[in-house]
Amino acid sequence: MKKLLELFLIFAKVGVMTFGGGYAMLPILQREVVENKGWATEEELMDYFAIGQCTPGVIAVNTATFIGQKNKGVAGAILATLGVVFPSLVIISLLAGVIEAFSHIIWVQNAFGGIRVCVCVLILNAVVKLLKKAVVDIPTGMIFAAVALCSILLPVSPIVFVLIAAVTGIILKAIGGKKQ
Amino acid sequence: MTYLLLFWEFFKTGLFAIGGGMATIPFLYDLSDKTGWFTRNDLANMIAVGESTPGPIGVNMATYVGFVTGMKDGGVLTAILGAVTATIGLITPSLIIVLIVAMMLKSFRDNEYVNNAFYGLRPASTGLIAAAGFTVVCSTLFYSDIWAQGNLLSAFNWKGIVLAIVLWLLTNVVKPTKKLHPIVFIGISALVGIMLQMK
């Protein structure tokens, strides 16, 4: 019981200290989970992180679930995961309430006018970073271009593209494998 | 009923968004178009808030969208209910899938089909984010009433375009500022937006 509470609290702490994406979480996890608590080894953490990237969902949540599961089974997984999202729930709810209340003020609107420009650049930077990892040859380049273009032009759910891309990956590799 | 739908939509997002928080963005744009719970401009604001507050971006976005959607239903209590519903919806698929994967850790990582699927999934997920980025750029830097105004030059958000170029240089080229946290640039942009009265 005590350990379950501890899982929740430590991951809540990790959630508070993570600014931005999943990668920002790694050094904090190394300190809290590996060095302070000994809940996982350095290698295990890297493994969880790698798998967390290639399982659906938010990387931070996936990693928390792994470590919780390893230490306290299903209950541990649930509590570690709830811990990592708990700070977001509190902070964003407070902030969203405040922003909604002040959104009619002109300078708040102006501030967000500037911020939206920044969001454009941040997304562009994220795409460039992901491209370097995702596009490794001509076929992956073509998948990227086709999905980007179709997604802009066609009113189709992203789910469709994800499913087609997974199947395409398996087929492409199967064809490529036979040639070798 | 809205809450059930909210849960279901975020459940799907959690299930199909692959590769971290930014990957949820295309799903949220789709949701905005489909339901009208929030506008595309709202969404760009949410991305900024999600980036500049503690917590994983994907979770922050889900909480924010849930909060705003619930807010429409009455008040603060329904807003919090919405925030919790969306967040739980987002993490439920992760929880289930990771629990299954954790039980067969080694075989999952070494599985040929899993690896091959991800060979196709990674560029597709990046393509989706790029498309969402294109949408944000269009709605932020160009005005949609491009033809109504008759004047092509007034269709561009010039202040925004200049700011975007400066920000790109600061985040990619200028050495001392390259490594700074996004929150710094979001803060600067907010100030510039106020000073130049950007819309």
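A note on names: the letters A, B, ... follow the listed sequences, proteins ahead of strands, and every chain is numbered from 1.
- Annotation: maximal heavy-atom pairing with chain A below 4.5 Å, among B:Leu141, B:Leu191, B:Asn115, B:Thr63, occurs at B:Thr63.
- Side-chain contact between A:Ile92 and B:Thr87 is absent, with no heavy atoms from C-beta onward closer than 4.5 Å.
- Only the side chain of A:Tyr48 comes within contact range of chain B, with at least one heavy atom under 4.5 Å from a heavy atom of that chain.
- A:Asn62 touches chain B through backbone and side chain together, each having a heavy atom under 4.5 Å away.
- A distance of 7.5 Å separates CZ in A:Arg116 from OG in B:Ser139, rounded to the nearest 0.5 Å.
- Neither the backbone nor the side chain of A:Pro87 comes within contact range of chain B; no heavy atom of the residue lies under 4.5 Å from a heavy atom of that chain.
- The shortest non-hydrogen separation linking A:Cys118 to B:Leu167 is CA-CD1, 3.6 Å.
- Atom CD1 of B:Ile96 and atom OG1 of A:Thr55 lie 13.0 Å apart (nearest 0.5 Å).
- The two residues A:Ile152 and B:Ala131 make their nearest non-hydrogen contact at CG1-CB, 3.6 Å.
- With a 4.5 angstrom heavy-atom cutoff, A:Val136 touches chain B only via side-chain atoms.
- Atoms CD1 and CD1, on B:Ile18 and A:Ile59 in that order, are 11.5 Å from each other to the nearest 0.5 Å.
- Using a 4.5 Å cut-off between heavy atoms, B:Phe118 contacts chain A through its side chain alone, with no backbone atom that close.
- Summarising the geometry, atom CE belonging to B:Met198 is positioned 9.0 Å from atom CG belonging to A:Asn110; distances are rounded to the nearest 0.5 Å.
- Note: A:Ser93 leads A:Ser151, A:Ser93, A:Gly113 in heavy-atom pairs under 4.5 Å with chain B.
- For the pair B:Ser94 and A:Pro56, the tightest heavy-atom approach, listed with the atom from each and the gap, is OG-O, 3.5 Å.
- When the candidates A:Val84, A:Ile99, A:Thr168 are compared by the number of heavy-atom contacts under 4.5 Å with chain B, A:Ile99 comes out ahead.
- With a 4.5 angstrom heavy-atom cutoff, A:Val162 touches chain B via backbone and side-chain atoms both.
- Interface remark: B:Leu95 contributes backbone and side-chain atoms alike to the contact with chain A (heavy atom separation under 4.5 Å).
- Proximity to chain A is absent for every atom of B:Val114, based on heavy atoms less than 4.5 angstrom apart.
- The line from CZ of B:Arg122 to NZ of A:Lys133 is 9.0 Å long, rounded to the nearest 0.5 Å.
- For chain B, the nearby part of A:Leu124 is the side chain; its heavy atoms alone come within less than 4.5 Å.
- Only the side chain of B:Val68 comes within less than 4.5 Å of a heavy atom of chain A; its backbone N, CA, C and O stay farther away.
- Using a 4.5 Å cut-off on side-chain heavy atoms (C-beta onward), A:Phe112 and B:Asn41 make no contact.
- With a 4.5 angstrom heavy-atom cutoff, B:Ile88 touches chain A only via side-chain atoms.
- For chain B, the nearby part of A:Val119 is the side chain; its heavy atoms alone come within less than 4.5 Å.
- With a 4.5 Å cut-off on non-hydrogen atoms, B:Phe67 touches chain A through its side chain but not through its backbone.
- Annotation: side chain of A:Leu95 is not in contact with side chain of B:Tyr64 (no heavy-atom distance under 4.5 Å).
- The heavy-atom pair separating B:Pro123 from A:Thr140 by the smallest distance is CB-O, 3.3 Å.
- With a threshold of 4.5 angstrom between heavy atoms, B:Val137 approaches chain A through its backbone and through its side chain.
- Most heavy-atom pairs under 4.5 Å with chain A: of the set B:Gly160, B:Gly187, B:Ser125, this distinction falls to B:Gly160.
- Taking CG of A:Leu122 as the reference point, atom CD1 of B:Ile186 lies at 5.5 Å (rounded to 0.5 Å).
- Residue A:Ile164 does not touch chain B at all, counting heavy-atom pairs closer than 4.5 Å.
- Contacts between A:Ile106 and chain B at a heavy-atom distance below 4.5 Å involve the side chain alone, from C-beta outward.
- Contacts between A:Ala126 and chain B at a heavy-atom distance below 4.5 Å involve the side chain alone, from C-beta outward.
- Proximity of A:Ile115 to B:Asn45: side-chain heavy atoms (C-beta onward) are nowhere separated by under 4.5 Å.
- By number of non-hydrogen pairs under 4.5 angstrom with chain B, the leading residue of A:Ala148, A:Gly141, A:Ala64, A:Ser103 is A:Ala148.
- Comparing B:Ala62, B:Gly14, B:Gly58 by heavy-atom pairs within less than 4.5 Å of chain A, the highest count is held by B:Gly14.
- Only the side chain of A:Val121 comes within less than 4.5 Å of a heavy atom in chain B; its backbone stays farther off.
- Neither the backbone nor the side chain of B:Thr135 comes within contact range of chain A, judged by heavy atoms closer than 4.5 Å.
- In this structure, A:Ser157 and B:Phe16 have side chains that are not in contact, with every pair of non-hydrogen atoms separated by 4.5 Å or more.
- Between A:Asn125 and B:Trp168 there is a side-chain heavy-atom pair separated by less than 4.5 Å.
- Neither the backbone nor the side chain of B:Met46 comes within less than 4.5 Å of any heavy atom in chain A.
- For B:Leu90, the part sitting under 4.5 Å from any heavy atom of chain A is the side chain, from C-beta outward, and nothing else.
- Interface remark: A:Leu163 contributes side-chain atoms only to the contact with chain B (heavy atom separation under 4.5 Å).
- B:Pro54 and A:Ser88 get closest at one heavy-atom pair: O-OG, 4.0 Å.
- Only the side chain of B:Phe134 has a heavy atom closer than 4.5 Å to any heavy atom of chain A.
- Per-residue heavy-atom pair counts under 4.5 Å with chain A were compared for B:Val192, B:Ile80, B:Asn172, and the maximum is reached by B:Asn172.
- Ranked by heavy-atom pairs under 4.5 Å with chain A, the list B:Gly70, B:Gly120, B:Gly82, B:Ala79 is led by B:Gly120.
- Ranking A:Leu89, A:Val167, A:Asp137 against chain B, the residue ahead of the rest is A:Leu89, based on heavy-atom pairs under 4.5 Å.
- Within the 4.5 angstrom heavy-atom criterion, atoms from both the backbone and the side chain of B:Leu163 approach chain A.
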Could you go through the side chain to side chain contact (heavy atoms under 4.5 Å, CB included) check for A:Val58 and B:Ile91 one step at a time?
-> CA-CA 8 Å; A:Val58 181; B:Ile91 64 175; over 6 Å; no

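- Heavy atoms of A:Ile91 lying under 4.5 Å from chain B belong exclusively to its side chain.
- A heavy-atom distance below 4.5 Å is not found between the side chains of B:Leu121 and A:Phe161.
- Counting heavy-atom pairs closer than 4.5 Å to chain B, the top-ranked of the candidates A:Val117, A:Ile123, A:Val147, A:Val61 is A:Val117.
- Contact of B:Ala17 with chain A is made through the backbone alone, with heavy-atom distances under 4.5 Å.
- Ranked by heavy-atom pairs under 4.5 Å with chain B, the first of A:Gln69, A:Lys70, A:Gln109 is A:Gln69.
- Contact of the B:Thr126 side chain with the A:Val135 side chain is not registered, since no non-hydrogen atoms from C-beta on lie closer than 4.5 Å.
- The most heavy-atom pairs under 4.5 Å with chain A, out of B:Ile161, B:Leu99, B:Ile188, B:Leu31, come from B:Leu99.
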